[in-house]
Number of protein chains: 4
Amino acid sequence: MPKVSEQHLEARKQQIVDAAFQCFARKGFHPTTMQEICAEADLSAGAVYRYFESKQAIIASACDVTQETSDQELLARAIEAPDTRQMLQGLADAFFSRVDGPDATVQNRAILQLWAEVAVNDEVRGTFKEREATIADGMRAIVVEAQERDDFDVGLDSQSVVRAMFALYDGFRLQKAIDPSTPTAPYVTVVKALLTGSFWTGAMPDPAKT
Amino acid sequence: MPKVSEQHLEARKQQIVDAAFQCFARKGFHPTTMQEICAEADLSAGAVYRYFESKQAIIASACDVTQETSDQELLARAIEAPDTRQMLQGLADAFFSRVDGPDATVQNRAILQLWAEVAVNDEVRGTFKEREATIADGMRAIVVEAQERDDFDVGLDSQSVVRAMFALYDGFRLQKAIDPSTPTAPYVTVVKALLTGSFWTGAMPDPAKT
Amino acid sequence: MPKVSEQHLEARKQQIVDAAFQCFARKGFHPTTMQEICAEADLSAGAVYRYFESKQAIIASACDVTQETSDQELLARAIEAPDTRQMLQGLADAFFSRVDGPDATVQNRAILQLWAEVAVNDEVRGTFKEREATIADGMRAIVVEAQERDDFDVGLDSQSVVRAMFALYDGFRLQKAIDPSTPTAPYVTVVKALLTGSFWTGAMPDPAKT
Amino acid sequence: MPKVSEQHLEARKQQIVDAAFQCFARKGFHPTTMQEICAEADLSAGAVYRYFESKQAIIASACDVTQETSDQELLARAIEAPDTRQMLQGLADAFFSRVDGPDATVQNRAILQLWAEVAVNDEVRGTFKEREATIADGMRAIVVEAQERDDFDVGLDSQSVVRAMFALYDGFRLQKAIDPSTPTAPYVTVVKALLTGSFWTGAMPDPAKT
DNA sequence: GATGAATGAGATTTCATTCAT
DNA sequence: GATGAATGAAATCTCATTCAT
């Protein structure tokens, strides 16, 4: 009996967050009204408030949900690659596969809303930083390992390398959000080229200098 | 006399937009109230409405103002560099010098608000895309030139290369907005390394393959 | 079988009214929600609505319940006293014994809610006046009798004498409701003194005058 | 300039509290809606909220206003009377003159609402107790003085005597609130009789006993 | 009979905008 | 030109009541 109830509860919460998510991607957090969320969730206001204390709680929940899925898994799988290059390519493919596909534009636009909220809302920022930190740690381990294998310049700050990787991903999501027709494949090719040394084909600086 | 008037008008508009900008960076566009903008601008509601038709107009104006300064100039100056590497390094220094310094956190956070609005507001998106396109075109010329000099892999889509450059910049602004204490210098080093071929120090793939 | 049912029905109603009574004393009629009553009664909303048509009905019932007990009885017993003084003292003791004891604060506070409702709610006022009238009539008989015995000034309006007696009771309940630590015994002493002539110990006015 | 503004502010606040007072007397605090208060005050919702933070604040203010007038003055004037009897009679006349007259029913009913709120609302209770205490202290001085003159039984607790006086007043207000047609004059006569020794005309108890 | 999730009207409160002074 | 009090539509949230299970 408690099980049914709990399943029901979770299902309803999901239903509401999903509906809210759509609305948020469409109009942003604050311009979205509860009425719109209720309509999208096909529920009355009273029902929604049975599952969430406030609109703020729905926003927080929606922020929480974003990409809650398995960055960890991606990292774990990537690490099994035989060499750094293949690992990076696998990672790039895995991450960038998310920016296309059904629902991706909604996700990408929602992410922008989340970022804006993060800049402004301490609670949301807290959760966000925490999650980022977890992934960043995983990534950093990978970077350090690549440096130990002498694949990445050991002189580079590993943290900053991770930041650059994030940037290449997040920055592209921004562009997809603004223009969903942006082609992904050639971008991923560039990213792989950057990370695996085939981007720059010109002369290298005289190592005697610097 | 019309000149004085016009100067005055512009000055007041600037005063209001500046005030609004601060508020927006602090709370986001929509949660910011006109009262807050008025207070920050040290003007009455009536006065503000003499210069702007609506809050929406202030938002649009604030979005317009963002980095209105001289991306073009930076590009023009960069192009004068003797070689691609120096040009890229100059560009990186120029752009990333903006993400620090006084007022930078406000700028970085405001940018997140702008992005969120862009995802959601057709008018703002129009202006934004236009501006981006202008800079992107300038950057693209640089990239194509680098490819012609055989400094960048000619097989890469120049548009996507520009996107990657944008991403490295925007993605970092995102991180600075979330955590203003993020150090910039090591990140810029990584960016330069990525773009000028000193990032990847491992083996290159067998050109016979692929 | 109808009897069992009826007993059950009454028991349930009582349970609900008792619960409501507690809530009402705590928060007042209108701020109390049905949910709170249900929780206090340990019943579901549906169950409560099986026994009462509406919240209004519960309020009415709670008002009805107040002191439903036996003012009449007190009067009947008092009347058996050998003289007016003893009768008044007995009455005072009987009535004021109610303002202390367990549950008395709840009662006293609930009474204030009732009075407020009476001022505002025609239905409740009707019931209230009726009940008051009954007791007032009983009291009045006592007063008239005392006047006939020449114990009370025959020049006084008996109705108003009754009102004064009520006032001494109700006004004290008000004070106990506001501050439950108010001591009862010395107050009762004063009341008895007032009613039996030992309050005023000064000179009496010159009967020649007035 | 600040003076005009401040006067205006006070005037508006008064206007709103007065309007609210009417509504409260009519329907009670909680069933009264802001819309009703706004309509009664002939002001828009927005305007009302410029002067009061919340409905709760209006309730508090309305409670505060109740009888803010000059109980102190009455006491001060009463004290000048040549003897206790005349003083008591003066006091009684002064106080009870308030329970009739235009607007008195509104006042009397509002008082019941206040009492109910006092039982339930800590903030309101605080203010209420404080004010009561002030008057009670004044009254007590009078009572003690009467005891020193040997007009009141010195064996009685002066605090309780004050309480009895309050009760005779408050209890009558209750009755007037419930039935505004209750005649005041004969009641006042009874009160005066009680306090000045002409109520009980029967035998006094044998002082040898007790 | 009992449950408690759902309803939806309605309450309080906010805030962009206007306009008399 | 400037002010800021006033407006009132609309937002969030509550809660008495119903009804499928």
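Lettering follows sequence order; numbering is per chain, from 1. All heavy atoms count here, side chains included; hydrogens, waters and symmetry mates do not.
Within residues 31-39 of chain A, no residue is approached by DNA chain E to less than 4.0 Å at the level of any non-hydrogen atom.
OP1 or OP2 of E:dA6 lies within a sub-4.0 Å distance of a side-chain N or O belonging to A:His8. Within the structure, every side-chain polar atom (N or O) of D:Tyr49 is placed at least 4.0 Å from both OP1 and OP2 of E:dT14. Contact annotation: D:Arg50 side-chain N/O to F:dT7 OP1/OP2 distance is not under 4.0 Å. Listed pair D:Arg12 / F:dA6 meets the phosphate criterion, a side-chain N or O lying under 4.0 Å from OP1 or OP2.
Comparing atom distances between the C:Ser54 side chain and each of E:dT12, F:dG8, F:dT17 picks out F:dT17 as nearest. Comparing atom distances between the A:Ser44 side chain and each of E:dG8, F:dA6, F:dT12 picks out E:dG8 as nearest. Across F:dT3, E:dG4, F:dA6, the shortest atom-to-atom separation from the side chain of C:Ala45 is found for E:dG4.
The two atoms that bring B:Gln113 and A:Val120 nearest to each other are NE2-CG2, 3.5 Å, heavy atoms only.
Among residues at least two apart or in separate chains, side-chain hydrogen bond (donor to acceptor under 3.5 Å, both in side chains) pairs with a member in residues 18-31 of chain B are B:Gln14-B:Asp18, B:Arg26-B:Glu40, B:Lys27-B:Glu36, B:His30-B:Glu117. Residues in residues 45-56 of chain B take part in no salt bridge (Lys or Arg N to Asp or Glu O under 4.0 Å) pair, two or more places apart or across chains.
Pairing of E:dG4, defined by two Watson-Crick or G-U wobble distances under 3.5 Å, is identified with F:dC19. The partner of E:dT13, taking Watson-Crick or G-U wobble pairs whose two distances both stay under 3.5 Å, is F:dA10.
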- Show your reasoning for whether side-chain contact (heavy atoms from CB on, under 4.5 Å) applies to C:Asn121 and C:Phe29. CA-CA 12 Å; C:Asn121 180 327; C:Phe29 292 129; over 6 Å; no

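Counting non-hydrogen atoms under 4.0 angstrom, C:Tyr51 reaches the backbone sugars and phosphates but no base.
Residue order along DNA chain F, read from the 5' end via each residue's closest nucleotide, puts D:Val48 first among D:Val48 and C:His30.
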